[in-house]
Chemist: 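Sending over a structure as structure tokens; questions will come in a sec.
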Amino acid sequence: MLKVSDLTVRYGDKVAVSSVSFEVREGEVFGLLGPNGAGKSSTIKAIIGLVPFEGDVKLFNREIDVRAKNSIGYVPEEFMLLESLTPREFFEFIASVRRIENVNDRLEKLVKAFGIANYFETPIAALSMGTKQKVSIIAALMHSPPLLILDEPLNGLDAKSSRILKEIMAKHVENGGAVLFSTHIMEIAEKLCSRIAVISRGRIVAEGTIEELRKIALADGGLEEIFLKLTGQMEEIDEILRVL
Amino acid sequence: MEFSELREISGVLYREIIFKSLSETAVRRDPEKILKSVNSQMWVNKVLITLFTSAIPIFTALNPSPLGCSVFLLYILFVFVFFFLQIVTAFVSQSFDLLYTLPLSEEEISRIKILTFLRIFDLPLAAIPVVTLIAFGIFSSPLLAFWMFLGVLTSELLAVSSVFRLARFFYSKIAFSTGGWKALLRVVYMIAWSASVFGVYLAMGYLPELLNVHADISAWKFLYPFCFGYARDPAAIAFSLGYFAASVILMKRTLPELNERIAVTAAEARKISVKTTHPVLSFVKKDLKIVSRSPGYLVLVILPVAEGMLFMNPAFVSVSMVLLATVIVAFTAYSIENEYTKTLPVNFWTITAGKTLFILAIYVLAVLFLCAVRILKGMGFSAIGLAQIPSVMAMGVFVSIVQKKVGLNRDLYTGLTPLLILFIPCSIIAYTPIVAGMILRMMGFSFVLTSLAFGVLELAIVVGAKVVADRLG
């Protein structure tokens, strides 16, 4: 569904992402796993068109143009909401721009599922971080896009909403959709992702299922151990612990 | 905590506020570059405001009539209120939340807030009283110089405290309320808020005339700021001292209120539903809502009317003033957008049409309002303003092209680049049809039809250039 080839992102002289390539297939949750500052969000921002990049990004074998953006639901890592609007006004704007027909039925289900009915007429600026995240998630799901790009979507969510989102993701891929999912939390990646790309210092250091990664890393533990070995952080930790 | 320590903390917050305002609007610049430019950008703004405002006391001191002095002080009050309004949002929002997590007393927090605020405007706030003192000292008398110095301080104190109080009330009670009478109240309040813009123009354009007509009314000398103009009248002196004391007290009372954090209560929805519209209209609707909740933006919306009212006659001068303000509105319209828009399936022409409609709505409303005033004042109807509609549309499309190309969705207050890249070409687009109309009128052609034709031509050129450029890739 989504094919990223040789993607490079630069911020001035600094290279944030270097020649990254991967593919997100239909019916899978593809995890982008990396430590803070590894280049996960920059990769996602490039795919969505928020930062200039070199390389090739294709959705359904076509470049991501304006029209293709209706096939994507995006939850950014940092809020990009119009904070002086209420969730109702914000959803109204998104639904109008995306030309979603009969949106109210789905919107009502999502609003109730994430428990924000009580905040529907409250300015987004006045909402808690978790509720803002729910608004962001609903805005990404409203138009039932085939590809969900979720950048650390569980940040700030309560246990119930977190579970609901995970179930929505599972159902989405079951129905033939795809999810590009970025996280730095190992347990979540291990549980949710069909395949994982481990990104470190702007480069993909390994890619595959957990089993495949285990073989690459020559590790027999969980994803955390695999991850630390692949990103070369195991020795660093040993050294830090020795000093402590 | 020592004053120097409080000042140091205020310096960090000052940079944070400026950084946020720059990074929110910058599109392709990396944070490190923004960080480096924070100080230079702010100094450019400070120097511009200071130069812009310092000329007035010098001119007033050259001919220091009671009337001129009063108008000058009123002008200072309104000008500072206008500039303060552009930044006050940061002081009632979450920018200062960090302070409440630190071991600081409420008094210290309010001091830090006020110090941060003063840092943003320190140069003009300090320079104008000094320039006043020197200018009046040289061109007038030391007594009047001291008196005007006191008057300027009073105006500055009143401006700071009234803006903070207005902001607090607005954001806690009105800004985010939805539906029914509260929406109406918001509009009324926003108009009252925008009185500062009208105030500047009133002080510059109408007040001298008004005061000359009513110069015999002795009550003027008991009112602020007029009393400061009567430096030899004992009653006026007493009232001036009273107003100065009142401004100091008001400021002292405002300080503790800066600590009261704003809480907005949740409003339960009656029904979970939305009404979708055409994408172009959804941009206009969204922009109007955002503008109606931000005093900084609303001031710019009302600016065209205020500019046009400054010189009502002849009509083309009034329209030229409206156009000048519309240029500012045109590129401010794009600063409303944030990055989220880029993630939506919205093409260039949709956003251009939405923004152009928004700009046009503000322009047409201003022109119609001025037409109504002209008719009421017996000056007759003039179609010159309406004839500029195509050129205003051309301006909207041009700004959109530049915004798309350069990524410039910044407002006037964040540096000189947008001013040079957008303001000058936009002004050329806005004024070409009027200048062409004036020239060709001398050759017997109709002013209105000529400028209309030139506007249509401009629109065709701008749209055509974009279409051709897109086709050529």
Side-chain angles (χ1 to χ4, degrees), chain A residues 10-14 45 48-52 65-72 74 76 78-101 103-105 107-112 116-123 125-127 136 139-140 143 149, chain B residues 24 27-33 89 92-94 171-172 175-179 262-287 289-294 297 336-351 354 407:
Chain A
R10 295 174 209 275
Y11 297 115
D13 300 331
K14 192 183 157 198
K45 280 183 178 176
I48 209 82
L50 289 175
V51 291
D65 56 7
V66 167
R67 209 182 299 166
K69 285 184 181 171
N70 239 353
S71 303
I72 302 172
Y74 169 56
E78 289 164 8
F79 301 121
M80 284 186 194
L81 306 162
L82 298 164
E83 301 229 341
S84 64
L85 301 184
T86 64
R88 183 182 61 73
E89 291 164 343
F90 183 65
F91 296 142
E92 200 163 86
F93 171 64
I94 303 294
S96 300
V97 170
R98 289 194 182 278
R99 295 174 188 259
I100 313 172
E101 285 175 13
V103 65
N104 284 328
D105 191 35
L107 180 64
E108 190 174 358
K109 283 178 189 161
L110 287 168
V111 164
K112 285 186 176 163
I116 67 156
N118 284 347
Y119 305 101
F120 203 58
E121 299 287 4
T122 308
L127 302 178
S136 199
H143 57 300
I149 299 182
Chain B
E24 271 169 14
V27 178
R28 289 181 186 168
R29 299 168 64 193
D30 66 73
E32 280 176 29
K33 280 189 182 165
T89 317
V92 287
S93 67
Q94 291 157 346
Y171 285 102
S172 61
F176 297 129
S177 52
T178 51
I262 292 168
V264 182
T265 49
E268 199 166 336
R270 286 182 217 100
K271 200 180 168 204
I272 309 291
S273 69
V274 293
K275 281 182 198 154
T276 55
T277 50
H278 189 277
V280 171
L281 290 179
S282 73
F283 270 96
V284 180
K285 260 176 84 175
K286 176 206 54 135
D287 286 353
K289 277 180 184 142
I290 292 173
V291 159
S292 79
R293 285 163 201 176
S294 160
Y297 282 129
I336 296 173
E337 292 309 315
N338 71 3
E339 285 209 311
Y340 198 82
T341 313
K342 285 191 195 170
T343 72
L344 297 171
V346 49
N347 65 28
F348 171 82
W349 291 111
T350 303
I351 192 162

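Below, read A as the first sequence line, B as the second, and so on, with proteins coming before strands; counting in each chain starts at 1.
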Chemist: So that I can tick it off, tell me whether B:Lys286 and A:Glu92 are bridged by a salt bridge, with the cut-off set at under 4.0 angstrom between side-chain N and carboxylate O.
Modeler: no
Chemist: State, to 0.1 Å, how close B:Tyr340 and A:Ile94 come at their nearest heavy-atom pair, and which atoms those are.
Modeler: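 Closest pair (atom of B:Tyr340, atom of A:Ile94, distance): CE2-CD1, 3.1 Å.
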Chemist: Got a second to check how far B:Lys271's NZ is from A:Arg88's CZ, nearest 0.5 Å?
Modeler: 11.5 Å
Chemist: Could you check which of A:Lys112, A:Met80, A:Glu108, A:Arg67 has the highest count of heavy-atom pairs closer than 4.5 Å to chain B?
Modeler: A:Met80
Chemist: For A:Ile149, is it the side chain, the backbone, both, or neither that has a heavy atom closer than 4.5 Å to a heavy atom of chain B?
Modeler: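 Contact with chain B involves no heavy atom of A:Ile149 at all.
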Chemist: Side-chain contact, heavy-atom cut-off 4.5 Å: A:Leu85 with B:Lys289?
Modeler: yes
Chemist: Do you know which two heavy atoms are closest between A:Val97 and B:Ser282, and how far apart they sit?
Modeler: CG2-OG, 3.5 Å
Chemist: Please state whether the side chain, the backbone, both or neither of B:Phe348 comes within less than 4.5 Å of a heavy atom of chain A.
Modeler: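 Neither part.
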Chemist: Considering non-hydrogen atoms only, spot the tightest contact between A:Arg98 and B:Pro345 and give its length.
Modeler: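 Heavy atoms of A:Arg98 and B:Pro345 come nearest at NH1-CD, 3.4 Å.
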Chemist: At a 4.5 Å cut-off on heavy atoms, which part of A:Val103 comes close to chain B: side chain, backbone, both, or neither?
Modeler: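 Side chain only.
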Chemist: Taking atom CZ of A:Phe120 and atom OG of B:Ser273, what is their separation to the nearest 0.5 Å?
Modeler: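 Answer for the CZ-OG pair, A:Phe120 versus B:Ser273, is 7.0 Å.
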Chemist: Checking B:His278 against A:Arg99 for the side chain to side chain contact (heavy atoms under 4.5 Å, CB included) test, could you report, in this order, the C-alpha distance in whole Å, the side-chain angles of both residues, the deciding distance, and whether it holds?
Modeler: CA-CA 8 Å; B:His278 189 277; A:Arg99 295 174 188 259; 3.7 Å; yes
Chemist: Work out which heavy atom in B:Thr276 is nearest to a heavy atom in A:Ser96; give both atom names and the distance.
Modeler: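 Nearest heavy atoms, B:Thr276 then A:Ser96: CA-OG, 3.4 Å.
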Chemist: How long is the span from the CG atom in B:Leu344 to the CD1 atom in A:Ile72, to the nearest 0.5 Å?
Modeler: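 The CD1 atom of A:Ile72 is 11.0 Å from CG of B:Leu344, to the nearest 0.5 Å.
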Chemist: Side chains of A:Leu107 and B:Val274, heavy atoms from C-beta outward: is any pair under 4.5 Å?
Modeler: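 A side-chain contact under 4.5 Å exists here.
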Chemist: Please name the residue in the list A:Ile48, A:Leu50, A:Val51 that meets the side-chain contact (heavy atoms from CB on, under 4.5 Å) test with B:Lys342.
Modeler: A:Leu50
Chemist: A:Phe79 versus chain B, heavy atoms under 4.5 Å apart: side chain, backbone, both or neither?
Modeler: neither
Chemist: Measure across A:Val66 and B:Asn347 and return the closest heavy-atom pair with its distance rounded to 0.1 Å.
Modeler: CG1-N, 3.6 Å
Chemist: Going from CZ on A:Phe93 to CD1 on B:Ile290, what distance comes out if it is rounded to the nearest 0.5 angstrom?
Modeler: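 Answer for the CZ-CD1 pair, A:Phe93 versus B:Ile290, is 8.0 Å.
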